[in-house]
Amino acid sequence: MKIKRKGPGPARGLMPALDHLYRLDEQLRSDRASKLEDLRERDHAIGKSWSQAEDRQCLMHWLEEVNPPDGNKAPRWLSEAHAALIMRLAAILFGLLAMSGFLLASDRALVNVFLLLALFVFLPLATSLIAAWALIRSLRGSTASVFPLNPARFVIRYALPDWRYLQESSSVVRLLLFKYGQEFGALFAAGAMISFVGLLAFNDFSFVWGSTFAFSDAMVTRFAAILALPWSALLPSAAVSPEIIADTRYYATQLDLGQISADSRRAWWPFLFMCLSFYSLLPRLLLWLLSTRAYRNEVSRAFLSMPGASSVLTRMRTPVVSTQAADEDHVDAQVQPVVCEAGTVLLEWAGAMALASGLIEVENSFQAGLGSPADDLDAIEGINRLQPSHLLVAVKAWEPPMADLADVLAEVHGVSRCSLQLVSLPGRELGEASLRDWQAFASALPFAATALAPLGVK
Amino acid sequence: MSAGKEVELLPSFAVVGRPNKGKSSIVATLARDDSVHIAARAGSTRATRRFPLQVDGTTLYELLDTPGMQRARQMLAWLKTDCTDAAARPAAVKRFLEAHSDDDQFADECLALRPIVDGAGIIYVVDGSVPFGADYEAEMEVLRWTGRPSLALVNPIGNSEFVAQWSAGLGQYFQTVRVFDAHRAEHGKQLDLLTLFGHLDPEWQQPLQRAVELLEADRHRQHQEAAEIIADLIYEGLTFTVDQAVPEGAPETPVRKLLFARYQRHLIKRERESRNRVEELFYYRDLHKSEQGIDFAEEDLFHQQNWYLWGLNRRQLLIAAGAAGGVAGGGAGVLVDGMTGGLLGGLATLAGGIGGALASTRSALKYSDDIARWSVSGVPTGGNRLSYGPSRNANFPFVILGRAMQHHRLISQRTHAVRAALTLTQPALDWLAEKERRQLARIFDSIRSNKRVTEQRAELKRLIQAWCFQVDAG
């Protein structure tokens with residue numbers, strides 16, 4: 001077994017990636033066609049220097065040795081890193097645009113706190129919770145469906161080494177999709193927060209609250225206090241006081257905003273900023289960290305649990321034990337030609353020689369009875385062109401003689417002697433009835449001399 | 001240590017005896033080599049063949065298959081005239097070999113005795129199914145004259161009627177006498193025999209012990225790899241699908257026939273490949289060429305009348321499927337009960353369990369006649385896409401498992417001396433415990449529903465591996 005070429009170097013400390021999974025799968029599939037004896041020798045030779053290493057390192061080293069990355073493969077016009085960078089910038093940009101669009105589109109620079117919270121805090125929080133549920137399902141091995149418009153799909157297209165569907169890597173791809181999704185979500189939130197702070201620095205926005213539902217001041221105060229609970233002890237300035245809440249109540253019919261003090265109108269922003277950080281950005285960051293870690297673990301796990309990988313590791317660590325004969329002169333394997341006659345032509349009928357290969361040694365042979373009638377005609381023409389003195393016809397002895405064969409032989413000219421070679425099934429004797437059938441068939445053939453000979457397979 | 005010294009210390013064992021007494025069978029079994037020519041007619045071994053046990057290229061010991069001795073009486077007569085002193089007997093045998101090295105008459109004796117004179121131990125083989133005769137004493141005497149450590153093996157070819165007689169007779173000439181059936185000896189017995197070889201000479205003990213350990217490790221590897229091959233085959237059987245586009249207005253029936261044939265062909269081919277791999281693992285190079293080959297009809301995989309022989313019978317199948325569905329449904333019920341804080345008093349678990357069991361049993365019955373499921377999906381450019389698979393039949397993976405495990409069992413228990421066909425003698429999965437059947441049904445269900453596939457595959461492999469190891473544990 002030949003090792004493709006020397007890999008780039010030892011794989012110590014190297015973590016597997018998607019590309020390794022695809023290469024491992026490709027190698028294990030191609031190994032299926034190789035002889036086990038060769039695989040044992042190859043794998044143990046590679047494994048000798050890595051017997052003490054852990055499974056992942058051992059397998060990585062093996063892969064680098066037997067199937068290193070194809071250096072001649074043309075790089076794609078857009079790599080995974082480039083696609084990810086584009087999407088990261090796009091996520092920040094969309095975050096900036098979404099928040100600035102929302103704030104700048106506010107009538108009279110009046111920003112409804114409820115609406116801002118709904119769009120930029122509760123909606124991202126809800127999607128984060130859904131994402132967390134999907135992540136848990138993915139980690140438990142269930143297939144979570146992916147939203148068709150998930151922007152991470154764009155990056156995945158360029159992350160996959162090729163277009164093959166690899167069942168073994170599906171969980172890895174799912175987690176990679178997840179990792180990028182959370183990263184883009186976090187960047188979107190960060191973009192929105194930058195826009196929020198930036199616009200507040202240069203514009204005089206008024207934060208007020210109001211609703212068609214009859215929320216009392218006390219209810220909103222309690223609601224704001226609950227939201228601010230995680231940071232109110234550490235950052236009391238980022239909580240909203242009941243006075244501010246009472247002061248910033250707004251009715252759609254209210255035209256004069258003079259009753260609301262300028263301080264009160266701007267007093268909401270630290271609270272809102274903390275809400276954006278805590279409920280929009282933080283869950284995404286946590287999910288991103290969790291999915292990054294889960295992705296790394298899953299790649300490693302998928303790499304080691306690839307079908308055939310554990311056999312490779314076993315072969316690497318088990319010495320090559322051989323007990324078989326040193327010489328190659330196996331008596332059984334030696335097939336002595338039974339018929340070896342110069343100038344003789346063989347016609348193999350319906351693949352009869354598949355069980356008797358090597359028993360007839362002739363310079364010219366033809367096949368018929370398997371393909372189309374045109375193939376039979378080619379064989380007839382070939383024999384007629386050579387006009388051999390002796391024609392051997394190998395037939396399956398266990399099958400009855402067919403008129404099809406008689407038709408073909410009737411077309412053969414210039415052959416004086418024909419021998420039907422009856423090929424038997426391994427270990428089976430030629431039955432008397434079969435022999436009689438073939439004898440009758442041979443006697444009816446249009447040759448000057450016709451013989452019948454069993455071609456035994458031992 | 002010099003190379004010459006190494007050669008001198010290398011334990012070697014010459015398997016000697018009369019023609020057609022099973023010498024080659026014993027060598028084939030111990031050397032795990034099915035290329036050894038074992039013939040029904042006498043005198044088929046015409047030259048000495050060497051079977052070294054090599055570990056990473058280093059030889060630990062060597063078995064030598066020798067031609068049968070046929071003129072022992074004449075040889076003994078020559079030796080007796082040449083030597084009268086007991087101490088000089090080994091030298092006399094050497095002189096005999098030198099004197100007759102070109103003599104066709106004693107060619108077989110020379111070939112058989114040469115390695116012994118050169119330092120090999122003697123493994124003398126007799127047939128325990130025929131009576132002991134005084135005519136054997138000449139060759140035993142000749143072997144005694146060589147002065148080499150010796151062991152006699154009674155190989156009961158066919159029956160063991162005269163084994164006791166032989167044991168008594170051989171005990172007078174050989175240090176150790178053992179009964180060893182080359183056609184039926186389990187792996188453990190083969191290793192015991194090798195350990196015994198080591199006891200013939202103190203210097204051979206250590207290399208033979210190491211050889212036994214290595215062979216045990218190699219056997220472990222064989223079972224491990226076989227389990228992985230079988231688990232992969234079952235996974236493929238559970239998930240394989242074929243599809244074909246059908247143009248608008250074209251008849252579906254020929255396409256269905258084509259897809260079904262393609263589906264069958266693929267799985268039959270995969271099963272054949274897996275079998276060949278397992279045979280290769282257990283060092284069967286020529287199994288397909290042996291007299292009878294394997295009597296496993298490949299089309300049997302899709303021969304549903306035989307499924308209850310290979311897989312589970314109807315009762316076992318319904319119990320396994322029902323239990324698997326019950327556990328899955330009950331699991332979902334537990335979740336609901338947990339979420340409601342126990343307000344339902346475990347009703348959800350009970351209902352889920354019963355519902356799951358009923359649904360699974362119904363599904364097992366519904367798909368019992370179909371191997372896989374047909375599905376048709378529309379193609380945007382017109383026409384349909386017809387697909388066949390994956391398998392929904394509850395028994396199908398059990399059938400694949402049964403066939404594969406039966407094949408593994410027969411191959412791993414078979415010795416390399418056997419040339420008869422592998423035949424199915426009992427239902428393939430009869431040895432599976434009820435609990436294991438349920439466990440398997442759950443694993444197959446999960447793989448079918450694409451749930452925790454990696455874990456389920458690993459679990460399947462672990463189970464199969466344990467069953468493979470059980471073959472040697474008895």
Side-chain angles (χ1 to χ4, degrees), chain A residues 28 31-41 44-45 48 137-143 167-172 298 301-302 304-335 355 425-428 457-458, chain B residues 27 30-39 44-47 49-57 59-60 62-63 65 211 214-215 217-218 220-221 224-225 228-229 231-232 235 239 273 277 280-281 283 285-286 288-293 421 446 449-458 461:
Chain A
L28 292 173
D31 279 357
R32 278 188 192 170
S34 305
K35 281 175 72 179
L36 265 179
E37 204 179 327
D38 298 338
L39 295 182
R40 280 167 63 210
E41 279 174 17
H44 186 60
K48 265 182 189 169
R137 282 200 62 187
S138 286
L139 291 177
R140 292 181 62 189
S142 301
T143 318
Q167 167 69 42
E168 287 74 22
S169 74
S170 59
S171 56
V172 174
E298 187 60 28
R301 199 173 66 114
L304 288 174
S305 57
M306 189 75 85
S310 68
S311 292
V312 169
L313 287 169
T314 313
R315 288 197 293 265
M316 285 176 87
R317 289 172 178 147
T318 316
V320 179
V321 179
S322 147
T323 50
Q324 288 78 32
D327 49 5
E328 290 299 322
D329 60 339
H330 302 153
V331 180
D332 284 0
Q334 281 182 336
V335 178
L355 292 168
L425 277 172
R428 304 257 180 97
V457 183
K458 288 179 184 170
Chain B
V27 169
L30 294 180
R32 304 182 296 177
D33 190 339
D34 60 339
S35 73
V36 177
H37 186 58
I38 298 166
S44 51
T45 304
R46 304 296 309 159
R49 286 186 77 194
R50 292 173 180 273
F51 298 81
L53 180 133
Q54 291 186 318
V55 182
D56 294 341
T59 305
L60 289 186
E62 206 170 45
L63 279 179
D65 186 16
L214 286 164
L215 288 173
D218 198 45
H220 195 267
R221 177 191 62 78
Q224 262 185 323
E225 287 195 44
E228 187 151 26
I229 291 166
D232 285 351
Y235 176 75
T239 55
E273 280 171 359
R277 210 55 166 173
E280 214 185 324
L281 261 178
Y283 305 111
R285 297 182 289 195
D286 291 340
H288 63 287
K289 286 186 202 160
S290 67
E291 278 87 282
Q292 298 292 323
S446 295
S449 348
N450 210 13
K451 278 184 207 155
R452 300 166 58 86
V453 173
T454 314
E455 290 85 348
Q456 299 301 340
R457 282 181 85 169
K461 195 175 86 181

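Letters A, B, ... are given to chains in the order of the sequence lines, protein chains preceding strands, and every chain is numbered from 1.
- With a 4.5 Å cut-off on non-hydrogen atoms, B:Glu228 touches chain A through its side chain but not through its backbone.
- Within the 4.5 Å cutoff, the side chain of A:Arg40 has heavy atoms near those of the B:Asp218 side chain.
- We find the NZ-CZ distance between A:Lys35 and B:Arg277 to be 11.0 Å, quoted to the nearest 0.5 Å.
- Taking each heavy atom of B:Ala31 and A:Thr323 in turn, the nearest pair found is O-OG1, 2.6 Å.
- The residue among A:Met306, A:Arg301, A:Lys48, A:Arg317 with the most heavy atom pairs within less than 4.5 Å of chain B is A:Arg301.
- In this structure, B:Arg49 and A:Ala325 approach most closely via the heavy-atom pair NH2-CB, 3.2 Å.
- Within the model, atoms OG of A:Ser311 and NZ of B:Lys461 stand 6.5 Å from one another, a figure rounded to the nearest 0.5 Å.
- Separating the OG atom in A:Ser305 from the CZ atom in B:Arg457 is a distance of 8.5 Å, to the nearest 0.5 Å.
- Residues A:Gln324 and B:Phe51 share a closest heavy-atom pair of C-CD2, 3.9 Å.
- Taking all atoms of both residues into account, the shortest heavy-atom contact from A:Gly308 to B:Asp232 is N-OD2, 4.4 Å.
- With values rounded to the nearest 0.5 angstrom, B:Arg32 atom CZ is found 8.5 Å from A:Ser322 atom OG.
- Side-chain atoms of B:Leu215 and A:Val321, non-hydrogen and from C-beta on, do get closer than 4.5 Å to each other.
- Scanning both residues, A:Thr318 and B:Ala217, for their nearest heavy atoms gives CG2-O, 4.3 Å.
- Contact tally against chain A (heavy-atom pairs below 4.5 Å) for B:Leu63, B:Asp56, B:Leu60, B:Thr239: the top residue is B:Asp56.
- With rounding to the nearest 0.5 angstrom, the CD atom of B:Gln224 is 4.0 Å from the OG1 atom of A:Thr314.
- With values rounded to the nearest 0.5 angstrom, A:Ser171 atom OG is found 11.5 Å from B:Arg452 atom CZ.
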